[in-house]
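Presented below is the structure to which this report refers.
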Amino acid sequence: MATIKQLEAKQSELDIIKWTDSENGTDMCGTYDYCEKCDKEKDFPCARAYYAKNAPAKTTTTKTATKTTAKKATAKK
């Protein structure tokens, strides 16, 4: 997760974008793709939502794959 300093900087950046996009009279809050992850109860809500939406996918190694490989090696003996 991002540091407080990173959250603060990203929130400021997103606030400027949101303000600029809203100058036509339409409030743009809630319209960006990352808004689906927004929790307005937290500090830096836009930044947290942005990072949550754009976080790299986690890769995991499963024990099943290792066990299957081990079983195949044992069966060949």
Side-chain angles (χ1 to χ4, degrees):
M1 185 59 177
T3 66
I4 295 297
K5 194 171 192 172
Q6 290 170 318
L7 288 171
E8 187 175 19
K10 181 56 80 174
Q11 184 69 41
S12 293
E13 176 188 336
L14 296 172
D15 282 344
I16 291 168
I17 292 168
K18 198 167 40 170
W19 178 269
T20 303
D21 290 349
S22 296
E23 286 186 319
N24 67 0
T26 303
D27 184 3
M28 298 302 289
C29 183
T31 64
Y32 301 98
D33 63 339
Y34 56 84
C35 292
E36 67 188 42
K37 302 280 187 179
C38 185
D39 181 354
K40 290 186 181 185
E41 297 295 317
K42 294 185 178 182
D43 58 340
F44 312 112
C46 298
R48 289 182 187 277
Y50 177 86
Y51 285 122
K53 176 72 176 178
N54 296 297
K58 293 182 182 179
T59 57
T60 57
T61 306
T62 62
K63 290 183 179 180
T64 307
T66 306
K67 288 180 182 177
T68 303
T69 304
K71 285 180 183 177
K72 287 180 182 178
T74 306
K76 288 182 180 179
K77 288 184 180 178

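In this chain, residues are counted from 1 in sequence order.
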Report summary line: The complete set of salt bridge (charged side-chain N to carboxylate O under 4.0 Å, His left out) pairs with one or both residues in residues 28-57, sequence neighbours excluded, reads E36-K53, D43-R48
**Report entry** Under the side chain to side chain contact (heavy atoms under 4.5 Å, CB included) test, residues paired with Q6 that sit two or more places apart
**Finding:** A2, T3, Y51
Sequence neighbours left out, cut at 3.5 Å: what donor-acceptor pairs do the side chains of residues 13-20 make with other protein atoms?
unit_1	atom_1	unit_2	atom_2	d
E13	OE1	K10	NZ	3.3
E13	OE2	K10	NZ	3.4
D15	OD1	Q11	NE2	2.9
T20	OG1	I16	O	2.8

Requested in this report: Measure across P45 and C38 and return the closest heavy-atom pair with its distance rounded to 0.1 Å.
Outcome: CB-SG, 4.0 Å
**Report entry** OG on S12 to CG on L7, rounded to 0.5 Å
**Finding:** 11.0 Å
Requested in this report: Could you pull out the closest heavy-atom pair between Y34 and Y50, with the gap in Å?
Outcome: CB-CA, 3.7 Å
